[in-house]
Peer 1: 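This structure is in structure tokens; I'll ask about it shortly.
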Amino acid sequence: MSAKTETPAARAARLRERIEDANYRYHVLDDPDIPDAEYDAMMRELEALEAEHPELATPESPTQRVGGTPSSAFLPVRHEIPMLSLANAFTDPAPRPGEDPNKQTRDFVRKIEQRLDVRDPMFSVEPKFDGLAISLRYEDGMFVRGATRGDGETGEDVTANLRTIKAIPLKLRGKGWPRVLEVRGEVYMPRAGFEAYNEKARASEGKIKPLVNPRNAAAGSLRQLDPRVTAQRPLSFYAYALGAFEGAPMPARHSEVLAKLREWGFPVSPLVSTARGAEGCLAYFAKIGAMRDKLPFDIDGVVYKVDDLAAQRELGFVGRTPRWAIAHKFPAQEQTTLVEDIIVNIGRTGAATPAAKLKPVFVGGVTVTNATLHNADQVARLDVRVGDTVIVRRAGDVIPEVVRVVLELRPKGTKPWEMPKHCPICGSDIVREEGEAVARCTGELACAAQRTQSVFHFAGRRAMDIDGLGERYIEDLGEFGYLRTVADLYKLTLEDLLEMKRRVDERDGTVPETVKAGKIATKWAENLIEAIDKSRRTTLERFLYALGIQHVGESTAKALATWFGDLHLIRHLPWPLLKLVPDIGDEVARAIDAFFEQPGNQKVIDDLLAHGVEIRDTHPPSAKLRTALALENVLARAGIPKLTTRRAKQLAAAFDSFEAVATADMAALVEAGLPRETAECLHGFLHGQEGKTLAKRVVRALKALHEATAHARATAAGPLDGQTVVLTGTLSSLTRDEAKGKLETLGAKVSGSVSKKTSFIVAGEAAGSKLDKAQELGIEIWDEAKLTKFLQQHGG
DNA sequence: GGCCCTCGAGTTCG
DNA sequence: CTCGAGGGCC
């Protein structure tokens, strides 16, 4: 049948099929069956056909890979099933005599054998591509969304860019695929494509910027806002795992999954294989290692996965890393360079961290100029000196690290490096505590570096999230006296910022950037003021984290926030009571206590609150905590020496407040049933300096607790208090359970059926009889948009 | 007292 | 990403 006798629709369909087949043969089977010229001719014909008959153009047509318009941002995508990160194993390059260089790999296999009680389990083995992990979602066989890995939980929507990659099928081939399929794999740039692209870039004489290395090139290409740019990049794709999988039976083995993926049109590396036990894995590692340089793409190791999926489930996870898989990495690439200097950086906690300033060297795909030396022990271990030639590599292919010194090249007259005795920034003593690895500057707030770093932490994305407040501004603000504590941020005015900028320009002798085309450019300052203002409304968890208390990171801050629920309670609580929170022990509790013990810190908190910082999620302490704070428990745990649980109980029965116990005289204590000796001891303690301080704090804390509880009760009246809500139909942005939970926290009762008592209903897509009934009864009807907006307005 | 896990803190480059 | 160290469990 010739083109002439076909209808345009049939011709278009036939062309598409042939183009898709050619793609499949080229990218998946690696066995092209038609010459490039013919392929191009078919594409041109199809494009012409679709231009002539626009109704024939479908989104999954091969001509429609580059579509859509440049976007301004990538929307976050939550992965239904988190994307994993693998543990690493290395082969020890210089094992001690008698030591197994492949201990890590063998340990990995041995643990699996122990847990599963099998010998030499079967592994699916594959090369580990050096690219960018992504997830592709197919619904009813059509590619609907693609996202980057992100932090594993949430990535970025890069669908438009992924569509331009010909190795990624826009629709699934074959049959038997599930209704919902998520495929995980690696986008990478083949070496040849990388070279060719850079050749073109060189020829363009600066018009096209050359790419640094294939891996960054892949990552950078997917982050292009304009898919037409991505389409110009020679990207490819290999699939290696599943995410969501709904509506079809799941194969029993990982190797079968890969075979299925290949049938459905995904490129799967021809190097994937299976191997038995540790020895099989190591043989595969050796084989791939020998091929590494000749491969048409970069790899950084191989991956071993337990092949049996049921066994994978049995093995489970530690955190987000599976017990059933490991990445066996090739040794990192190494380079030698010169140590030009060894400097000390001062961190937020005063930690003095030595860092090597290196002669720029290209290693592992980037130019490295700095390498951390961690601490004085590390410097001593390596014996790095200024002027040394050292071997550097990128640990885990990211953070540069000094591997060792090339002693043969050491110049004469070098001296071992020593931690300076005084802080290079503020001149305070640098002290190293007994048994600690870090040395610290003791300058605290007097040290500009610590000040800058703590403000930087405070403003961080995960803390108060002040957008646009970078290290440079913080330094400058500090230098000119606008910023002593974080509270000063909330006192800054537009004029302050502009004045600071003027002085910075004066100091640097730079042309004032603030003056452009005769007008004073103030946009950056306006933005910053706005960002600061926006940060005022925050959560307890963020606020606590932002304070930068030692040992209090994100998760401890969260625990404190959920357990105590109220800043005023936390800031007055004596440390033994802080230990009520799981995962908070002596050390952390003491650190928190010490922080709040400083009047300066309490003043900063007062200042922050006075300048409009508002914690919007204060809530009553958890029920568990309220029990724990009952009088007898407080007495037992407040840190009063010799007071046993039993005695605490007796006291609690006889007195009705902590204050009463603290002010009781000996007679009263004896009357309460305490043996004379215990009573004397307690009385002595409570009237000693230590006891008085403790009592004062406990009383204050309990008062705060009481107020917090009362306050929370008073404000518990949510905006939907007393209202009955009915949900019907399907909501797209959240599940019914989530909607229910959110409505309930705002005070609503969520019921299942519509009656005249119903306050309003929320009708999603395809709402049925409940909607009819609500209309009949004249009940208010919300659509999803209205619900979302309402939830947003009320902190949903 | 030792082991295993998790968390905190510091870090690099584009 | 890595190291060091705190916390919990045996």
Side-chain angles (χ1 to χ4, degrees), chain A residues 85-88 90 107 111 115 132 151-152 209-213 215-224 300 316-321 323 327 329 332 343-358 360-379 381-382 392-403 432-441 449-450 452-454 456-457 460 462-463 471 544-560 578-592:
Chain A
S85 58
L86 297 185
N88 292 326
F90 288 95
D107 280 351
K111 280 187 194 155
R115 278 182 183 267
L132 189 74
D151 61 6
K209 270 186 74 179
L211 306 167
V212 193
N213 63 54
R215 178 217 178 102
N216 283 7
S221 302
L222 280 194
R223 290 197 50 88
Q224 293 297 324
D300 57 359
F317 293 80
V318 181
R320 194 164 300 147
T321 53
R323 286 204 187 84
K329 296 267 197 85
I343 59 152
V344 167
N345 290 314
I346 305 295
R348 153 172 82 83
T349 62
T353 311
K357 288 284 182 199
L358 305 170
V361 60
F362 194 73
V363 50
V366 297
T367 305
V368 167
T369 52
N370 292 305
T372 178
L373 295 166
H374 293 115
N375 54 49
D377 286 348
Q378 173 81 349
V379 181
R381 203 160 30 221
L382 294 165
V392 290
R393 71 169 169 220
R394 298 216 300 152
D397 277 339
V398 181
I399 313 275
E401 130 186 289
V402 173
V403 183
R432 181 173 169 186
E433 294 290 334
E434 190 75 31
E436 291 252 306
V438 289
R440 287 177 203 280
C441 158
Q450 285 187 60
T452 304
Q453 290 301 314
S454 59
F456 188 60
H457 168 83
R462 328 198 66 130
E471 218 169 314
L544 287 170
Y545 175 60
L547 290 176
I549 305 166
Q550 289 228 1
H551 297 124
V552 179
E554 270 182 292
S555 65
T556 307
K558 188 181 187 139
L560 286 169
L578 291 165
K579 290 203 298 178
L580 292 167
V581 180
D583 292 334
I584 294 186
D586 275 18
E587 203 63 32
V588 179
R590 281 204 162 90
I592 298 169

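Here is how names work: the chains are called A, B, and so on, in the same order as the sequence lines, proteins then strands, and each is numbered from 1. Worth saying up front: this structure is predicted, and the values here are computed from it rather than measured.
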Peer 1: Rounded to whole angstrom units, what separation is found between the CD atom of E471(A) and the P atom of dC13(B)?
Peer 2: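 So the two atoms are 14 Å apart, to the nearest Å.
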Peer 1: Do the side chains of R462(A) and Y545(A) get nearer than 4.5 Å, heavy atoms only?
Peer 2: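 In short, these two side chains touch, coming nearer than 4.5 Å.
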Peer 1: Could you state the atom-to-atom distance from CG of L580(A) to C1' of dG8(C) in whole Å?
Peer 2: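 To the nearest whole Å, that distance equals 16 Å.
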Peer 1: Write down the distance between CD (Q378(A)) and P (dG10(B)), rounded to a whole number of angstrom.
Peer 2: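 Interatomic distance, CD of Q378(A) to P of dG10(B): 17 Å.
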Peer 1: In whole Å, what is the span from the NE2 atom of H457(A) to the P atom of dG8(B)?
Peer 2: 10 Å
Peer 1: Measure from the side-chain heavy atoms of T556(A) and tell me the nearest of dG10(B), dT2(C), dC7(B).
Peer 2: dC7(B)
Peer 1: Could you state the atom-to-atom distance from CD of E587(A) to C1' of dG4(C) in whole Å?
Peer 2: 13 Å
Peer 1: Do side-chain atoms of Q450(A) reach the backbone of C441(A) as a donor and acceptor pair under 3.5 angstrom?
Peer 2: yes
Peer 1: Measuring to OP1 and OP2 of dC13(B), would you say a side-chain N or O of N370(A) lies under 4.0 angstrom away?
Peer 2: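 Answer is yes, contact under 4.0 Å.
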Peer 1: Do any side-chain nitrogens or oxygens of T369(A) fall under 4.0 Å of OP1 or OP2 in dC13(B)?
Peer 2: yes
Peer 1: Looking only at side-chain atoms of T349(A), point me to the closest of dG10(B), dT2(C), dC13(B).
Peer 2: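 Closest nucleotide among those given: dG10(B).
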Peer 1: Of all the choices, dA9(B), dT12(B), dG6(C), which nucleotide is nearest to the side chain of T372(A) once you look at every atom?
Peer 2: dT12(B)
Peer 1: Compare side-chain N and O positions of T353(A) against OP1 and OP2 of dA9(B) and report whether any pair is under 4.0 Å apart.
Peer 2: no
Peer 1: Both A355(A) and Q550(A) contact DNA chain B. Taking the nearest nucleotide for each, which residue is further toward the 5' end?
Peer 2: Q550(A)
Peer 1: Quick check for you: among dC5(B), dG8(C), dC13(B), whose closest atom lies nearest to any side-chain atom of R323(A)?
Peer 2: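 The answer is dC5(B), which lies nearest to the side chain.
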Peer 1: Going by side chain to side chain contact (heavy atoms under 4.5 Å, CB included), P400(A) matches just one of T369(A), V361(A), V363(A), V368(A). Which one?
Peer 2: V368(A)
Peer 1: Between K111(A) (NZ) and dC5(B) (P), how many Å, whole number?
Peer 2: 7 Å
Peer 1: Taking the minimum atom-to-atom distance to the side chain of D583(A), which one of dT2(C), dG10(B), dG8(C) wins?
Peer 2: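 Looking only at heavy atoms from C-beta outward on D583(A), the closest nucleotide is dG8(C).
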Peer 1: Mark yes or no for whether H551(A), through its side chain, and I584(A), through its backbone, hold a donor-acceptor pair below 3.5 Å.
Peer 2: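 Checked: no pair found.
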Peer 1: Check whether any side-chain N or O of S555(A) sits under 4.0 Å from OP1 or OP2 of dG8(B), and answer yes or no.
Peer 2: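 So the side-chain polar atoms of S555(A) do come within 4.0 Å of the phosphate oxygens OP1 or OP2 of dG8(B), strictly under.
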Peer 1: Contact class for E554(A) (heavy atom, under 4.0 Å): base, sugar-phosphate, or nothing?
Peer 2: sugar-phosphate
Peer 1: Do the charged groups of D377(A) and R432(A) touch, with an N to O distance under 4.0 Å?
Peer 2: yes
Peer 1: Starting from C1' on dC1(C), measure out to CZ on R393(A) and report it in whole angstrom.
Peer 2: 13 Å
Peer 1: Can you tell me the distance, in whole Å, between the NE2 atom of H374(A) and the P atom of dG8(B)?
Peer 2: 19 Å
Peer 1: Compare the minimum distances between each of dC13(B), dG7(C), dA9(B) and the side chain of V368(A), then state the nucleotide with the smallest one.
Peer 2: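 When the side chain of V368(A) is considered, dC13(B) is the closest of dC13(B), dG7(C), dA9(B).
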